[in-house]
Engineer: 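Here's a structure for you.
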Amino acid sequence: MISVASLRSKRLGARWFHRDPATIARALLGCALVHGDRAAMIVETEAYLGPEDLASHARFGPTSRTSVMFGPGGVSYVYLCYGMHQMFNIVAGRDGEPGAVLVRAAAPLVGLDPDPGTLRGPGKLTKAMKIGRAQDRVPLIDDALFVARHARPRAIAVGPRIGVDYARDWAARPLRFWIEGHASVSKVR
DNA sequence: GCGGGGATTAACT
DNA sequence: GTTAATCCCCGCG
């Protein structure tokens, strides 16, 4: 029986996130994202690297919005996109190594509509999980917002990131990860 | 200050 | 395939 209480005991520590974004993005698949009394299994992620990555918010260097990406991993980064959708990211890497992982889709576990489409897509995910700007820059060693070990995916697929065609050659890099065949993944190859 | 664009979504034709 | 909704942030002056 899955519960928020049982997930809390399997929480990932800050150091777990002190690796490169692509490694974290892959390792997050199958983990549980918990906010308050809601929990969902992460099924799709994207890695965003440092200033060299033309798709990453870090490409302009640290700014008022993105400086959190340049700090230590294990901290949330939430921003508004297209004026209406919140995007939930987890900072990855050690202090001074910029990068983050966008959580693009998840499957309902606790306290959510069980329809697999409920958290399919980054904007829908934050809406369903009630994650917003109040959850920006929160260290995930938090009683209300954290990530926990949960399941180990059977097969993982890799491909180009979504919606970053402006990033020239970086748009084609294989930095999107998803659980092969899972019904809650936002788009298929 | 001002102007432009975006890590999206749903509802169109 | 196309488009509207909607607003904060960034770059420039």
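Each chain gets a letter, A, B and so on, in the order its sequence line appears, and its residues count up from 1. Computed from a predicted model, the values in this text were never measured in an experiment.
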Engineer: Just to be sure I understand the rule, does A:Met87 reach a base, reach only the sugar-phosphate, or reach nothing, if contact means heavy atoms closer than 4.0 Å?
Structural biologist: sugar-phosphate
Engineer: If you measure from the Lys or Arg side-chain nitrogens to the Asp or Glu carboxylate oxygens, is any gap between A:Arg11 and A:Asp142 under 4.0 Å?
Structural biologist: no
Engineer: For A:Trp170 and A:Glu52, indicate whether the former's side chain and the latter's backbone hold a donor-acceptor pair under 3.5 Å.
Structural biologist: yes
Engineer: Quickly work out the A:Tyr166 OH to C:dG11 C1' distance and round it to whole Å.
Structural biologist: 16 Å
Engineer: For B:dC2 and C:dT6, measure between their P atoms and round to the nearest Å.
Structural biologist: 22 Å
Engineer: Could I get the full list of salt bridge (charged side-chain N to carboxylate O under 4.0 Å, His left out) partners for A:Arg94, not counting sequence neighbours?
Structural biologist: A:Glu97
Engineer: Quick one, A:Tyr79 and A:Arg65 - any side-chain contact, counting heavy atoms below 4.5 Å?
Structural biologist: yes
Engineer: In whole Å, what is the span from the NZ atom of A:Lys127 to the C1' atom of C:dA5?
Structural biologist: 14 Å
Engineer: Just how far, in rounded Å, is C1' of B:dA7 from CG of A:Asn89?
Structural biologist: 7 Å
Engineer: What integer distance in Å separates A:Met84:CE from C:dT3:C1'?
Structural biologist: 12 Å
Engineer: If I compare all heavy atoms of A:Phe70 with all of A:Gly61, which pair ends up nearest, and what's the gap?
Structural biologist: CZ-C, 3.5 Å
Engineer: Specify the residues of residues 47-62 of chain A, ordered by number, for which at least one heavy atom lies under 4.0 angstrom from an atom of DNA chain B.
Structural biologist: A:Tyr48, A:Ala55, A:His57
Engineer: With distance as the sole test, does A:Ser6 use its side chain to make a donor-acceptor pair with the main-chain N or O of A:Ser3 at under 3.5 Å?
Structural biologist: yes
Engineer: Could you check how far NE2 of A:His85 sits from P of C:dC8, rounded to whole Å?
Structural biologist: 15 Å
Engineer: Closest approach to the side chain of A:Pro122, judged atom by atom: which nucleotide of B:dT9, B:dG6, C:dC8 is it?
Structural biologist: B:dT9
Engineer: Indicate, with yes or no, if A:Leu145 and A:Leu109 share a hydrophobic cluster defined by side-chain heavy-atom contacts under 4.5 Å among Ile, Leu, Val, Met, Phe, Trp and Tyr.
Structural biologist: yes
Engineer: Judged by atom type as modelled, is there a donor-acceptor pair below 3.5 Å linking the side chain of A:Ser76 to the main-chain atoms of A:Arg137?
Structural biologist: yes
Engineer: Would you mind reading off the distance between A:Gln86 atom CD and B:dT9 atom C1', rounded to a whole angstrom?
Structural biologist: 14 Å
Engineer: Side chain of A:Thr66, backbone of A:Met69: donor and acceptor closer than 3.5 Å?
Structural biologist: no
Engineer: In whole Å, I'd like the distance from the CZ atom of A:Arg161 to the C1' atom of B:dG6.
Structural biologist: 15 Å
Engineer: Looking at B:dA7, C:dC10, C:dC8, which one has an atom nearest to any side-chain atom of A:Tyr77?
Structural biologist: B:dA7
Engineer: Checking all strands, does A:Leu102 fall into the base, sugar-phosphate, or nothing category for heavy-atom contacts under 4.0 angstrom?
Structural biologist: base
Engineer: Can you tell me how far P of C:dC10 sits from CE of A:Met69, to the nearest Å?
Structural biologist: 12 Å
Engineer: Examine the side chains of A:Thr118 and A:Asp115 and answer whether a donor and an acceptor come within less than 3.5 Å of each other.
Structural biologist: no
Engineer: Please, what dot-bracket string fits DNA chain B when only Watson-Crick and G-U pairs with both distances under 3.5 Å count, crossing ones use [ ] and pairs to another strand use |?
Structural biologist: ||||||.|||||.
Engineer: With the side chain of A:Thr63 defined as its heavy atoms from C-beta on, choose the nearest nucleotide among B:dA7, B:dT9, C:dG11.
Structural biologist: C:dG11
Engineer: May I ask you to evaluate whether A:Arg120 reaches the phosphate of B:dT8, defined as a side-chain N or O under 4.0 Å from OP1 or OP2?
Structural biologist: no
